[in-house]
Amino acid sequence: MKHLIKHVTRYRYSTPASYTIQTLRLTPRADDHQRALRWQITAPGPLTEQVDAYGNITHTLTLTQAHSEIEIRATGQIEIDPLVQGIVRGDESRLPLQAYCVPTPLTQCDDNIRQLWRTAVPEAIRTPQDLLVLANAICDRVTYEPGYTDVTTAASQVLQLGHGVCQDHTHLFLACVRGMNMPARYVSGYHYGNVEDDVASSHAWADVWLPEQGWVSVDITNRMLASDGHCRLAAARDYDSASPVRGVRTGGGEESMSITVQVQRAKQQ
């Protein structure tokens, strides 16, 4: 499947900022099943490209002159092949699998989370179908509803609130899987849901390492294994290390941010 993608992030400041540095994870990963037929990032300053420890293509944007607004655009066409049982090939992570077993502040496993996964998958996870069982259990406990959480909400808080969005489902899922001492990672990207309307937001899901299959990708929020409707931007330990745009600034006063994402299925030639 081929996708046309347009992702625009805008920052506006109440007073001029004197310095900004941002890390952009806005380039699709070079996994075996997806290819960027064309891709461009435009920003109000020079971009320095590198590959991070997780195998993600990143760009660093540095602005040293006064600025009251930043607009970052990522556009292009991506071709994605169907995945068999969600299995991802061609991983470029430079880290050992054990690095993905270590919890982060956003993915700590407590007693309540431990009870959740032990009830859902008492024999732990062995197959891709077990991943779906756990995904269903999480979505049954945490209703998809924006406005209750933000990017700093930890998995334990998500379970207590009972409401959240895709990043919250993913962090709770990672807390469960890492609580089983299994490697798992956060994936940021886009999802085309095979519907008439464009998907108007970015998305998050998870990879889990299964010894007989390798990395298996599961979309917790949509209760499905990932396939050719999922475009992968970055894979890392949690949102903090996989977020599309992350940075710091000096000055600027109050900040407002807007994000628009369009994902369309490209017409077949």
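Positions are given from 1 along the sequence.
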Hphob cluster co-occupancy, Trp117 + Ile138, side-chain heavy atoms under 4.5 angstrom:
yes

Roughly how far, to the nearest 0.5 Å, is CD1 of Ile87 from CD of Gln213?
5.5 Å

At their closest point, which heavy atom of Leu63 faces which heavy atom of Pro44, and how far apart are they?
CD2-O, 3.3 Å

Assigning hydrophobic clusters by single linkage (Ile, Leu, Val, Met, Phe, Trp, Tyr; side-chain heavy-atom cutoff under 4.5 Å), is Val133 placed with Ile113?
yes

Using 0.5 Å steps for rounding, measure from the CG atom of Leu97 to the CZ atom of Arg185.
9.0 Å

Taking the side chain from His67 and the backbone from Gln65, do they hold a donor-acceptor pair closer than 3.5 Å?
yes

Partner of Arg12 by side chain to side chain contact (heavy atoms under 4.5 Å, CB included), out of Glu69, Glu254, Glu255, Met257
Glu69

Salt bridge (charged side-chain N to carboxylate O under 4.0 Å, His left out) pairs touching residues 94-119, sequence neighbours excluded, are Asp111-Arg114

Using side-chain heavy atoms (C-beta onward) and a distance below 4.5 Å, is His59 in contact with Thr48?
no

The test is side-chain hydrogen bond (donor to acceptor under 3.5 Å, both in side chains); show your working for Asp168 and Thr149 and say whether it passes.
CA-CA 8 Å; Asp168 303 308; Thr149 61; 2.5 Å; yes

Quick check for you: to the nearest 0.5 Å, what is the distance between Ser202 atom OG and Tyr190 atom OH?
7.0 Å

Mind listing the closest non-hydrogen atom pair of Ala120 and Ala137 along with its distance?
CB-CB, 3.6 Å

Thr23 (side chain) donor-acceptor with Thr60 (main chain) under 3.5 angstrom
no

Let's go through Ile5 and Gln262 carefully: what are the C-alpha distance in whole Å and the side-chain angles of both, what is the deciding distance for side-chain contact (heavy atoms from CB on, under 4.5 Å) to 0.1 Å, and is it a yes or a no?
CA-CA 6 Å; Ile5 298 171; Gln262 293 178 319; over 6 Å; no

Would you say Asp150 and Thr152 are linked by a side-chain donor-acceptor pair, where the criterion is simply a distance under 3.5 Å?
yes

Please check: side-chain N/O of Asp31 versus main-chain N/O of Gln34, any donor-acceptor pairing under 3.5 Å?
no

Using the rule given for side-chain contact (heavy atoms from CB on, under 4.5 Å), can you reason through Thr58 versus Val51, listing the C-alpha separation, both sets of side-chain angles and the distance that settles it, and then say yes or no?
CA-CA 6 Å; Thr58 71; Val51 178; over 6 Å; no

Walk me through whether Leu61 and Thr20 qualify under side-chain contact (heavy atoms from CB on, under 4.5 Å).
CA-CA 8 Å; Leu61 168 65; Thr20 292; 5.8 Å; no

Does any pair with a residue in residues 204-243 pass ring pair (Phe, Tyr, Trp, His ring centres under 6.0 Å), and if so which ones, sequence neighbours excluded?
Tyr100-Trp215, His191-His230, His203-Trp205, Trp205-His230, Trp209-Trp215

Can you run down the ring pair (Phe, Tyr, Trp, His ring centres under 6.0 Å) pairs that involve residues 149-170, sequence neighbours left out, and say none if there aren't any?
Tyr148-His163

Mind checking side chain to side chain contact (heavy atoms under 4.5 Å, CB included) for Val8 and listing every partner two or more places apart, or none if nothing turns up?
Lys6, Arg10, Glu71, Arg73, Thr260

Counting only heavy atoms not in Arg35 (residues, nucleotides, ligands), do more than 12 fall under 6.0 Å from its CZ?
yes

With side chains defined as the heavy atoms from C-beta onward, is the minimum distance between Pro244 and Thr9 less than 4.5 Å?
no

Would you say the side chain of Trp39 lies within less than 4.5 Å of the side chain of Gln77, judging by non-hydrogen atoms?
no

Side chain Arg178, main chain Cys109, donor-acceptor under 3.5 Å:
no

Which atom names give the shortest non-hydrogen contact between Ile72 and Ala43, and what distance separates them?
CG1-CB, 4.5 Å

When rounded to the nearest 0.5 angstrom, what distance separates CD in Gln40 from OG1 in Thr27?
11.0 Å

Is there a path of hydrophobic side-chain contacts, each under 4.5 Å between heavy atoms, that joins Val216 and Leu174?
no

ILVMFWY network linking Val218 to Tyr192, side-chain heavy atoms under 4.5 angstrom
no

Looking only at heavy atoms, the pair that brings Val165 and Tyr144 closest together is CA-CE1, 3.6 Å

Cys176 side chain near Leu134 side chain, heavy-atom distance below 4.5 Å
yes

Answer yes if the side chains of Asn56 and Arg25 hold a donor-acceptor pair under 3.5 Å, and no otherwise.
no

Please confirm whether the backbone N or O of Gly251 pairs with a side-chain atom of Arg249, one donor and one acceptor, at under 3.5 Å?
yes

Quick one: which of Arg89, Arg29, Arg232 gives a salt bridge (Lys or Arg N to Asp or Glu O under 4.0 Å) with Asp207?
Arg232

Note, Leu172 side chain near Val142 side chain (heavy atom, < 4.5 Å)
yes

Can a donor-acceptor pair be found, under 3.5 Å and without considering hydrogens, that links the side chain of Gln115 to the backbone of Asn112?
no

Any side-chain heavy-atom pair from Ser217 and Leu225 closer than 4.5 angstrom?
no

Heavy-atom check, side chain of Leu24 versus side chain of Arg246, under 4.5 Å
no

What distance separates Leu37 CG from Ile78 CD1, expressed to the nearest 0.5 Å?
6.5 Å

Just by distance, with hydrogens left out, do Asp238 and Thr107 show a side-chain donor and acceptor under 3.5 Å apart?
no

Kindly indicate, with the supporting measurements, whether the criterion side-chain contact (heavy atoms from CB on, under 4.5 Å) is fulfilled by Ile220 and Cys139.
CA-CA 7 Å; Ile220 299 92; Cys139 289; 4.1 Å; yes

Transitively linked via ILVMFWY side-chain contacts under 4.5 Å: Met224 with Ile80?
no

Across all chains, not counting sequence neighbours, the side chain to side chain donor-acceptor pair (under 3.5 Å) partners of His33 are none

Point-to-point distance, once rounded to the nearest 0.5 Å, from CG of Leu131 to CZ of Arg126
13.5 Å

Where Val208 and Val177 come nearest, the two heavy atoms and their spacing
CG1-CG1, 3.9 Å

Looking only at heavy atoms, which two atoms of Ala206 and Phe173 are closest? And how far apart?
CB-CD2, 3.8 Å

For Cys101, does its backbone N or O pair with a side-chain atom of Arg237 as donor and acceptor, under 3.5 Å?
no

Do Leu4 and Arg265 touch side chain to side chain, with heavy atoms closer than 4.5 Å?
no

Would Lys2 and Asp228 pass as an ion pair if we require N to O under 4.0 Å?
no

Ring pair (Phe, Tyr, Trp, His ring centres under 6.0 Å) filter on Tyr54, not counting sequence neighbours, yields none

